[in-house]
Amino acid sequence: MIIGVPKEIKNNENRVGATPAGVNELVRNGHTVYVQATAGEGSGFADEDYVRAGATILPSIEEVYGIAEMIIKVKEPIESEYNLIKEDQLLFTYFHFASYEPLTHAMIERKAVCLAYETVERPDRSLPLLVPMSEVAGRMSIQEGAKYLEKPLKGRGILLGGVPGVQPAKVLVLGGGVVGTNAAKMAAGMGADVTILDTNLARLRYLDDVLPANVKTQMSNGYVIRELVQTHDLIIGAVLIPGAKAPHLITRDMLATMKPGTVLVDVAVDQGGCIETCKPTTHENPTYIIDDVVHYCVANMPGAVPYTSTQALTNATLPYAVQLANKGWKQACADSNELKLGLNVVNGKVVYKGVAEAFNLDYTPVESVL
Ligand SMILES: NC(=O)c1ccc[n+]([C@@H]2O[C@H](COP(=O)([O-])OP(=O)(O)OC[C@H]3O[C@@H](n4cnc5c(N)ncnc54)[C@H](O)[C@@H]3O)[C@@H](O)[C@H]2O)c1
């Protein structure tokens, strides 16, 4: 198969859809890979690295889209890319269709085959191509939180791990899923006093087993949260209710009960946030302050660490990309229910129910396009 890896052109996106190692794997499977010049630069990969891995470099995005049967990228295509997409071309990338109607219509019109990272789903209902980014964001939330606890950045001026003779900072993690567990692990490793809350008792049992002794687990409820926010220095929002807006576990009135300089990192901001006063921010301007409480609410946290994020993402996407290239999308999706669930729009038909429902469009069962 002829595979194309374009450079991401969305504002501030430095990740890339395939690493040189990934390209090499595809080439060893007998495929031809074209990479747009400087596509990997933001993630630390030079054109020469891709050439050594067996790719051919093309100077323009038009040439990459023009030649490829399958495009592997990271973010959804943006307006300027729509017209480059050809009928029957397979696009393997994040789409998040339900959040942007014009993209859905454009992909229907282009008659492309859109296989979305975010809906590839394992039998246990986990989302293997979202997990790596949650791991990155969870770990990063503590790094950022520790930074904004510093006095010059308007935090309490407390060192996360304390020092001998001085108590460490107290970290509260709301939600014990992928983000929350990674956050708790990092905070614990830095020596903080960590409490992690979840509503799922089985999950709390598991966390109690695997996390170190400086992480305590507690059942999440409104009463407990109201008590704990008064004594904690860094609070991480990491809840998710699949398919729904995040619940506001921290309400506006609670800010006044927190210590001045408390830092809130609401990782769940991309689902509306679990802190009422949270509104999306960017890496250029990541924080704002309300009632002396620092809010960090960057919606695309992994974008700040493209070197790590690209490798984490492509470690997860590559095995699927190889299946798609080796078998063609129809056979690969017929053989793998995980991949089949990734199909969202195929040759002008919406084959993912959630997307059809979001915009009141006709829904075609995915089986009928295989
Ligand atoms: N900002 C970013 O850059 C970024 C990056 C990755 C993920 N995210 C977001 O982070 C959020 C968490 O993702 P995840 O992968 O950890 O999800 P997950 O499904 O693995 O975990 C969510 C956890 O929240 C728990 N939960 C639900 N309601 C709760 C409540 N009332 N109190 C306490 N816990 C509750 C669930 O039981 C579950 O364990 C999502 O909104 C995701 O989109 C944001």
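Whatever order the structure lists them in is the order used to number ligands and atoms, beginning at 1. These numbers were taken from a predicted model, which means no experiment stands behind them.
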Check your understanding: Of all the non-hydrogen atoms in the protein, which one sits nearest to atom 40 (C) of ligand 1, and at what distance?
Key -> L240 CD1, 3.8 Å

**Study point:** Verify same cluster id: V194, V224 (apolar side-chain graph, 4.5 Å)
**Key:** no

Check your understanding: Based purely on interatomic distance, does A299 place a nitrogen or oxygen under 3.5 Å from a nitrogen or oxygen of ligand 1?
Key -> yes

Exercise for review: Please report which non-hydrogen protein atom sits nearest to atom 41 (O) of ligand 1, along with the residue it belongs to and the distance in Å to one decimal place.
Suggested key: Q271 CG, 3.1 Å

Check your understanding: Which option out of V179, L197, V178 puts a heavy atom nearest to atom 13 (O) of ligand 1?
Key -> V179

Check your understanding: If you measure from the Lys or Arg side-chain nitrogens to the Asp or Glu carboxylate oxygens, is any gap between D233 and R156 under 4.0 Å?
Key -> yes

Study note, to complete from the structure: Of all protein heavy atoms, the one nearest atom 15 (O) of ligand 1 is S134 OG, 2.7 Å

Practice item. Among all protein heavy atoms, pick out the one at the shortest distance from atom 11 (C) of ligand 1; state its residue, atom name and that distance to 0.1 Å. Key: V239 O, 3.8 Å

Check your understanding: With a 4.0 Å cut-off on heavy atoms, is P302 touching ligand 1?
Key -> yes

Check your understanding: Taking atom 30 (C) of ligand 1 as the point of reference, which of V265, V224, T199, N300 owns the nearest heavy atom?
Key -> T199

Exercise for review: Consider every N or O of V267 and every N or O of ligand 1, then say whether any pair is closer than 3.5 Å.
Suggested key: yes

Point to revise | Residue, atom name and distance, where the atom is the protein heavy atom closest to atom 39 (O) of ligand 1 | key: D198 OD2, 2.7 Å

Point to revise | ligand 1 versus A238: contacting region, heavy-atom distance under 4.0 Å | key: backbone

Review point. Do NZ/NE/NH1/NH2 and the carboxylate oxygens of K349 and D362 come within less than 4.0 Å?
Key: no

Exercise for review: State plainly whether the residues K75 and E81 are in salt-bridge range, i.e. N to O under 4.0 Å.
Suggested key: no

Check your understanding: Looking only at N/O atoms, are M301 and ligand 1 under 3.5 Å apart anywhere?
Key -> yes

Check your understanding: Who's the nearest protein heavy-atom neighbour of atom 32 (N) of ligand 1, and how far?
Key -> S220 OG, 2.7 Å

Review point. Should D208 and R205 count as an ion pair when the cut-off is N to O under 4.0 Å?
Key: no

Exercise for review: Among all protein heavy atoms, pick the one closest to atom 21 (O) of ligand 1 and tell me residue, atom and distance.
Suggested key: G177 CA, 3.1 Å

Review point. Among all protein non-hydrogen atoms, which one is nearest to atom 43 (O) of ligand 1, and what is the separation to 0.1 Å?
Key: D270 OD2, 2.6 Å

Point to revise | V136 near ligand 1 by a heavy-atom separation under 4.0 Å | key: no

Check your understanding: Backbone N or O of N300 within a donor-acceptor pair of the H283 side chain at under 3.5 Å?
Key -> yes

